[in-house]
A.B. asks: 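What follows is a single structure, and I will ask about it in a moment.
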2 protein chains.
Amino acid sequence: MTPFSTERWHRAEEWVGHGVAMVDTPALVIDLDAMDRNLARMADFAQTHGLRLRPHAKMYKSTELALLQMAHGAVGVCVQKTDEALALARGGVSDIYISNEVIAPAKLQRLAEAIRTCRTRFAIAVDSAQGIDALAHALADTGVDQPAAMDVFIEIDVGHGRCGLPPGDAAVALAQRLASHPVLRFAGLQAYHGSAQHQRDPDQRTRSVQEATQAVTLTRQALAAQGFEVALVTGSGTGTFLNEAGSGIWGELQCGSYLFMDADYAANSVTPGAPVFEHALFVKSQVISRSAAHAVCDAGHKSHAIDSGLPTVAFPDGLSFANGGDEHGVLRSTGSLGDLPALGETVWLVPGHCDPTVNLHDYMVGVRGGLAAGVVERVIRVDARGCTG
Amino acid sequence: MTPFSTERWHRAEEWVGHGVAMVDTPALVIDLDAMDRNLARMADFAQTHGLRLRPHAKMYKSTELALLQMAHGAVGVCVQKTDEALALARGGVSDIYISNEVIAPAKLQRLAEAIRTCRTRFAIAVDSAQGIDALAHALADTGVDQPAAMDVFIEIDVGHGRCGLPPGDAAVALAQRLASHPVLRFAGLQAYHGSAQHQRDPDQRTRSVQEATQAVTLTRQALAAQGFEVALVTGSGTGTFLNEAGSGIWGELQCGSYLFMDADYAANSVTPGAPVFEHALFVKSQVISRSAAHAVCDAGHKSHAIDSGLPTVAFPDGLSFANGGDEHGVLRSTGSLGDLPALGETVWLVPGHCDPTVNLHDYMVGVRGGLAAGVVERVIRVDARGCTG
């Protein structure tokens, strides 16, 4: 967008084909081998269980990775915002579901224009009559009038306490509203239990999804009583997907974080026998200052998001990370003081929370062959970075 | 950098000349009248006290605002990272001090190249012999050899516990090292007490700066005993500038946040009689979902940084903000339920921490005439966004 940001992009592209030591710091680095294993593991899981996989692209905000997931069997991707949807559609992603409510006429008009002009199939969530009407009006104003031009999911609050209707009867009025707008197709229910994802104890997560299952079932029954069939229940996340998969209720999984993982997910106790996902996202940093008792590295919370906790130090061993502010991290030895890295030495961090960490960066550096001695294979644009609108 | 980011930029530019209601959400909005008053208030303070003002551009990462501050008497700006320095130099900022240590040869080479080719005066901080030598070598390798081509400040840890030498004798060896490299000029001491800035009680802040003053004085004395004069002590911040100004020790103030302020600074108790800075930075958001007891707005922590606390709601009155995740905020009424905003209604938030909030955005929308009924005067590029390298 500016000459200097273009310069920084070209500088990163020059690392391709070179060893990971060339990568300047701080940088967001993907261990591509680990990522590919995560990719395959979730794709296999979904296929084995006969479930649609629609990973959440809000996590990595990158056209290239959305296309990669779809090449491995994902039916499409989810996003949270209209501008994320438009950015990915521009990049050629063919099936995008905004798993969130959009009210503003200007946003809906942009979405309607994209429906009119590009090949991408778009879907959206609603939880109000006003939202449904605004959507229908935007489509009409833009000249989109073919039946079922857009799939619409009614969102139910299944325990997260954020968006969505109360379970049960409330959905009926919205299903009726949707039926009054032939351009819209009632495609099913959006049922995502956000606060369950990081419940540490698998039994807690099981109970949360049981609660969510009851909410969905109540809603289905109320709709069925009025003649409305729920074709699909979509939701789930990296913390609870086993539960949704085992419920027989969810037909589509929206897990996103599994592709990269982070320190917050690593703190969950895993259900025995569950697929295990590896850390694939790291921040490469270096030491810029040393005292007798601590080392300061060049990665602070403008490089890795700390909303869900501080990063952990992946390499070298034996270091703890303390908050050093926006541009620094303070490393201390958890063992003997001889373990503190020297000036200029590299340290590798696992970010606390992958989604907002990616959103801090304009690009991610994909490394093949591991972090110790691997080669930069490609630089991946975070082309939906900052698209919160 | 991508066609879609250019499209978003142009969309924002189309708001210029229109009412603030046109601004899509979530957006980072500057109340330009409040900002101008803050700008003048600090410029007057520095001038009245005979102090140099070198505001910290890490806060707003914008060439346009750096130039504005310099047009109002600032001697230059500070940054924390080499790429911030290069971005601002590209934008025409003529005097930039990297108030931080840089060790990597590649970064120092880029800096040396900028010294060789552009008119900007650069300065830097050091706290190690290795850092000094690396800098001198980079300059030599790049063919920069004029005496005093770069000002160098020796950083002292004055109580923050991050970068910097211990106070006292340790600075002598570095001053001697600097003297051995004529291309470098020992310009003084970098003395910034970061953790003092948000100590709530002004007496606490006074004590912290007294501690810092002792550390600086001890260091000056040790240097003077070896024949090294400290020409300038540079540091301070929006929380403690009164103290540094009154000490007779600091000659240059690096305050950054005063220009915009945030919820974290608003929680400090102000010293009686001190200049008061107004909130000038806001996040415009809108309600996308309603329940009986809460409203969900479209600004989460991908729109406003929460490292130092959640945002507060500036307008409307009577609302609290609870964490709704990356893309949402949960608003509750602190009074009667009739006060919850309706679907589509605008809410204005004061971010918890201004610096990392700005870093989430590609541009800021400057509004003249207040948030209620003002007009978009300009859109300001955050051209050093993401420049952590």
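Letters go in sequence order (proteins before strands), and every chain restarts at 1. Please read these numbers as outputs of a predicted model, since none were measured by experiment.
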A.B. asks: Should B:Glu7 and A:Arg110 count as side-chain neighbours, where that means a heavy-atom distance under 4.5 Å?
C.D. replies: no
A.B. asks: State whether A:Asp307 and B:Lys302 are salt-bridged, where the test is any N-O pair (Lys NZ or Arg NE/NH1/NH2 against Asp/Glu carboxylate O) under 4.0 Å.
C.D. replies: no
A.B. asks: Side chain from CB out, backbone as N, CA, C, O: work out which of these in A:His160 comes under 4.5 Å of a heavy atom of chain B, or both, or neither.
C.D. replies: neither
A.B. asks: Side chain from CB out, backbone as N, CA, C, O: work out which of these in A:Ile306 comes under 4.5 Å of a heavy atom of chain B, or both, or neither.
C.D. replies: side chain
A.B. asks: Please report the closest heavy-atom contact between A:Gly325 and B:Arg162, naming both atoms and the distance.
C.D. replies: CA-NH1, 4.4 Å
A.B. asks: Less than 4.5 Å to any heavy atom of chain B: does that hold for the side chain of A:Lys58, its backbone, both, or neither?
C.D. replies: both
A.B. asks: For the OG atom of B:Ser289 and the CG atom of A:Leu165, what is their distance to the nearest 0.5 Å?
C.D. replies: 8.0 Å
A.B. asks: Under 4.5 Å heavy-atom distance to chain B, tell me which part of A:Lys284 shows up: side chain, backbone, both or neither.
C.D. replies: neither
A.B. asks: Rounded to the nearest 0.5 Å, what separation is found between the OG1 atom of A:Thr388 and the CG atom of B:Asp326?
C.D. replies: 11.0 Å
A.B. asks: If you measure from the Lys or Arg side-chain nitrogens to the Asp or Glu carboxylate oxygens, is any gap between B:Asp362 and A:Arg385 under 4.0 Å?
C.D. replies: yes
A.B. asks: Go through A:Cys163, A:Ser195, A:Gly91 and name the one with the most non-hydrogen pairs under 4.5 angstrom from chain B.
C.D. replies: A:Cys163
A.B. asks: So for A:Ala106, is it side chain, backbone, both, or neither that comes closer than 4.5 Å to the heavy atoms of chain B?
C.D. replies: neither
A.B. asks: Indicate the atoms forming the closest heavy-atom contact of B:Arg8 with A:Gly386, along with that distance.
C.D. replies: NH2-O, 3.0 Å
A.B. asks: Could you grab the distance from atom OG of B:Ser291 to atom CG of A:Asp157, nearest 0.5 Å is fine?
C.D. replies: 8.0 Å
A.B. asks: Counting only heavy atoms closer than 4.5 Å, note whether B:Val126 contacts chain A via side chain, backbone, both or neither.
C.D. replies: neither
A.B. asks: For the CZ atom of B:Phe4 and the CD atom of A:Glu84, what is their distance to the nearest 0.5 Å?
C.D. replies: 10.0 Å
A.B. asks: Does the side chain of B:Pro356 reach to within under 4.5 Å of the side chain of A:His301, using non-hydrogen atoms?
C.D. replies: yes
A.B. asks: Heavy-atom cut-off 4.5 Å, strictly under: side chain, backbone, both or neither for A:Val102 against chain B?
C.D. replies: neither
A.B. asks: Just so I understand: if I count every heavy-atom pair under 4.5 Å between each of A:Asn323, A:Leu86, A:Asp298, A:Leu343 and chain B, which residue has the most?
C.D. replies: A:Leu343
A.B. asks: May I ask you to test the B:Lys107-A:Thr25 pair for a side-chain heavy-atom distance under 4.5 Å?
C.D. replies: yes
A.B. asks: What part of A:Asp355 is in contact with chain B, defined as an atom under 4.5 angstrom from a non-hydrogen atom: side chain, backbone, both or neither?
C.D. replies: both
A.B. asks: The criterion is side chain to side chain donor-acceptor pair (under 3.5 Å); which residues satisfy it with B:Ser303, sequence neighbours excluded?
C.D. replies: none
A.B. asks: What part of A:Lys81 lies closer than 4.5 angstrom to a heavy atom of chain B: side chain, backbone, both or neither?
C.D. replies: side chain
A.B. asks: I'd like to know which of A:Ala384, A:Gly161, A:Ala27 tops the heavy-atom pair count under 4.5 Å against chain B.
C.D. replies: A:Gly161
A.B. asks: Considering only heavy atoms, which portion of A:Asp127 lies under 4.5 Å from any heavy atom of chain B: side chain, backbone, both, or neither?
C.D. replies: side chain
A.B. asks: For the CZ atom of A:Arg381 and the OG atom of B:Ser5, what is their distance to the nearest 0.5 Å?
C.D. replies: 8.0 Å
A.B. asks: So which part of A:Glu101 gets closer than 4.5 Å to some heavy atom of chain B, the side chain, the backbone, both or neither?
C.D. replies: both
A.B. asks: Which heavy-atom pair separates A:Ile103 from B:Val287 by the least distance, and what is that distance?
C.D. replies: CG1-O, 4.1 Å
A.B. asks: For a quick test of reading the model, state the closest non-hydrogen atom pair linking A:Gly389 to B:Pro26 and the distance between them.
C.D. replies: CA-CD, 4.0 Å
A.B. asks: So for A:Glu327, is it side chain, backbone, both, or neither that comes closer than 4.5 Å to the heavy atoms of chain B?
C.D. replies: both
A.B. asks: List in chain and number order the residues that pass side chain to side chain donor-acceptor pair (under 3.5 Å) with A:Asn100, two or more places apart in sequence or in another chain; answer none if no residue qualifies.
C.D. replies: B:His328
A.B. asks: Check whether A:Glu155 gets within reach of chain B through its side chain, its backbone, both or neither, counting any heavy atom under 4.5 Å.
C.D. replies: neither
A.B. asks: Just give me the residue among A:Ala299, A:Gly194, A:Ala322, A:Cys387 that pairs up with chain B most often, heavy atom to heavy atom, under 4.5 Å.
C.D. replies: A:Cys387
